[in-house]
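A short worksheet on the structure shown next.
First the proteins, then the strands, lettered A, B, ... as listed; each starts at 1.
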Amino acid sequence: MITVRERNLESRKVVDCPFTISRLRNPFMQTYLHSAILGALSEMGGAPDDFQPEFQQPGNPDHGDLACNAAMQLARHFRKAPRQIAEDLKIHLEALPVDPDRISAIEVAGPGFLNFRFSDVYLFKALSSVLEAGASYGRTHSGEGKRALVEFVSANPTGPLTVGHGRNAVLGDTVANLLEWTGFEVDREYYFNDAGRQMRILGESVQARYLAAVNPDLATKMIGDPPDETSVPEPFPEDGYLGGYITDIAIKLVGQDGLDPNDSEQFKKAAEKTIFADIEGTLGRMGIKMDAFFNEKSLYDSGQVWDIVEKFRELDLAYDKDGAVWLKTTAFGKEQDTVLVKSSGEPTYRLPDIGYHVDKLKRGYDRIVDIFGADHIATFPDVVAGTRALGFDADRIDVVIYQFVTLVRSGQPVKMSTRKATFVTLDELMNEVGEDVTRFFFLMRSPNTHLEFDLDLAKEASDTNPVFYLQYAHARIQSILRKASELGLGNGLEADVTLLTHDAEITLMKTLMGLPDSIVRAATHSEPHRLAGYLREVAVAFSQFYNHCRIVGEEEKLAAARLQLARATALVLCNGLTVLGISAPDRM
RNA sequence: GCGCUUGUAGCUCAGAUGGAUAGAGCGUUGGAUUCCGGUUCCAGAGGCCGGGGGUUCGAAUCCUCCCAAGCGCGCCA
């Protein structure tokens, strides 16, 4: 067995600084070892037909780079002790032999793990391939030829986007990016309804403010309960929108030609237009561009929703009661049936929701991602079950439910109320902490945990702020590259990456190998925080490298090799941040 | 009351398909650094993984019961 790596390990034992080894991911190596182990097993008398060896990334560096638990899984099958099976496997693997350019050592450890160590040659090749791939390093092909639709934001245009919408928007856009990086062709879609009650009240709210603006003598009234009573113009709807932006829109309409002050529909249209422009502007600041805005109204215009009611009736999943049409959600495991069409003849929101998803499925998407707030948690299962009952492949629908955001300032939660219009808008948040920080903070936690957004931390430009830590690592590398290029360091030299043997260099190379798999995992689970966490590992590994391995001032051949490693690190950080929609500055 | 989500270090959170001694950041304590950017690095302390029971070679992870928090439970969206 070739033990280049082993020798390095030996020599490294005297190195004074133990490193926190980041866990690396490597699907290509797994594929290779997977078939090697099956090969060895067949020589040992064969495993069950459906047996698949499983791999894991050990957290402890003493356990190698990749571990396999096949021996433990097969203990019953072979009726032997796991460690004995592991020893046999090791012997057979070494006799194959496994490629010494990939694997430098196989060890049996613990209850029966097989621990594999990667050869340095393999790491050097991986480093070269990072540099070769450049700006596309991290892209994979599993989604190639497939189409995905990500539906997100989907706020009706009744007001500016709030902090809560921000989490939705950033999650959706980033999931879309992740899918693109795994090969999918992705459409970003915004679903809205301008025909409902909300929008009617919006129009009436603007209208009332307008009437007050053109007639200072207009009577006023008090609405709301003490102590939150507010004085509003007399025509103002009881549950109207109180935000200042309503008055702004109204004032802009004063003196406009052809405006009929008695037609609330006109005010609604005007408000919708202004607010949508505002929303698109806010999204644009975060780098978000929708491919389509889907109006719920089109589902009625095309008659699709009524076809669906008929199909449910045919399937005996819908029935009439009290003048309304009911959907048998009890058939989907719910406690009660729910109304699909009100006795007034208007559908409830559930019907168009099902219709919209049927429409998406009919458009042939292979994967449909919905980003919903926690308040939808009880309703989306009906939608999914409904489309399935109609004969569609509902498994293509992936619903991401995110919990709500609490802004924290000086250790205290910031109180927000939509009703009183005391919410913090997304624009205000970005004004305060910046676009990059806003995106990152929304992405760095798992969607299904409550997000505590610490404004003080977000504004801090120091290592305590995780965004700055990542961006700083990138800026620092660029600074080194600039310096090296000024000095003409490594010019005309072919970098010999085999000179990279320091612990910190090895760790960094292993970490850099993880980007593609990190993106794949984040994409398949629709969980961007996994990528954010990985990038932090990269920044940590780089900082350790930076601290122990100099470039400028080092012997020129070694410096040239380290420059390559630094370049590769910058690429990984830049590509990863790009997927997250965050800038990778050259200077800070 | 019912459903879904959550409960891991003082705080904010990771923890992959069930794997080896449960991890990080902040904070705290102590140290390093004449230097390519001090927006850096290293180390220590700190844990009944909400609690009980179960499944198995092995459980923070799966099942079950209990406790606590958030969200929802309308002919509102």
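Counting non-hydrogen atoms under 4.0 angstrom, A:Met588 reaches a base of the nucleic acid. Using a 4.0 Å heavy-atom criterion, one finds that A:Ala324 contacts the bases of the nucleic acid, with or without backbone contacts as well.
Between the side chain of A:Thr348 and the base of B:C75, no donor-acceptor pair of N or O atoms lies under 3.5 Å. For B:G72, its base never sits under 3.5 Å from the side chain of A:Asp375 at any donor and acceptor pair.
A donor-acceptor pair is defined here as one N or O able to donate and one able to accept, closer than 3.5 Å; such a pair exists between the side chain of A:His357 and the backbone of A:Asp353.
B:C11 and B:G27 are spaced 7 Å apart, taking the C1' atom of each and rounding to whole Å. For the P atoms, the distance linking B:G10 with B:C49 amounts to 12 Å, nearest Å. Going from the C1' atom of B:A22 to that of B:C67 covers 24 Å, rounded to whole Å. Comparing B:C26 with B:C42, their P atoms are spaced 11 Å from each other, to the whole Å. Between B:G3 and B:U64, the two P atoms lie 11 Å apart (nearest whole Å). Nucleotides B:U21 and B:G15, compared at atom C1', are 15 Å apart to the nearest Å. As rounded to the nearest Å, B:U28 and B:C71 have C1' atoms that lie 36 Å from one another.
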remark   = Parsed dot-bracket for RNA chain B after applying the Watson-Crick and G-U rules with both distances under 3.5 Å and | for other-strand partners is (((((((..((((.....[...)))).(((((.......))))).....(((((..]....))))))))))))....
message = Each nucleotide in nucleotides 56-65 of chain B should get exactly one letter: B, S or -. Can you fill that in based on protein heavy atoms under 4.0 Å?
response = SS--------
Letter per nucleotide, 5' to 3', of nucleotides 27-32 of chain B [B base touched, S only sugar-phosphate touched, - untouched; heavy atoms, 4.0 Å] = S-----
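Sorted by residue number, the members of residues 479-489 of chain A with any non-hydrogen atom under 4.0 Å from RNA chain B read A:Ser479, A:Ile480.
Proximity note for A:Phe404 (side chain, C-beta onward) versus B:C36, B:C71, B:A77: the nearest is B:C71.
A:Asp194 has no carboxylate O lying under 4.0 Å from a charged side-chain N of A:Lys297, or vice versa, which leaves the two without a salt bridge. Classification of A:Arg83 and A:Asp88 as a salt-bridged pair fails, no side-chain N sitting under 4.0 Å from a carboxylate O.
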Short N/O separations, protein against nucleotides 1-9 of chain B, under 3.5 angstrom:
from : atom 1 : to       : atom 2 : distance (Å)
B:C2 : O2'    : A:Glu335 : OE2    : 3.4
B:U5 : O2'    : A:Gln403 : NE2    : 3.3
B:U6 : OP1    : A:Asn448 : ND2    : 3.4

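With sequence neighbours left out, the side chain to side chain contact (heavy atoms under 4.5 Å, CB included) criterion links A:Ser35 to no other residue.
For the OP1/OP2 pair of B:G15 and a distance below 4.0 Å, the side-chain nitrogens and oxygens of A:His529 include at least one atom meeting the criterion. Within the structure, a side-chain polar atom (N or O) of A:Ser446 is placed less than 4.0 Å from OP1 or OP2 of B:A14.
Taking the ring centroids of A:Phe192 and A:Phe294, they lie at or beyond the 6.0 Å cut-off. Checked against the 6.0 Å centroid criterion, the rings of A:Phe442 and A:Phe453 qualify as a close aromatic pair.
Atom pair A:Arg536:CZ and B:U39:C1' shows a separation of 14 Å (rounding to whole Å applied).
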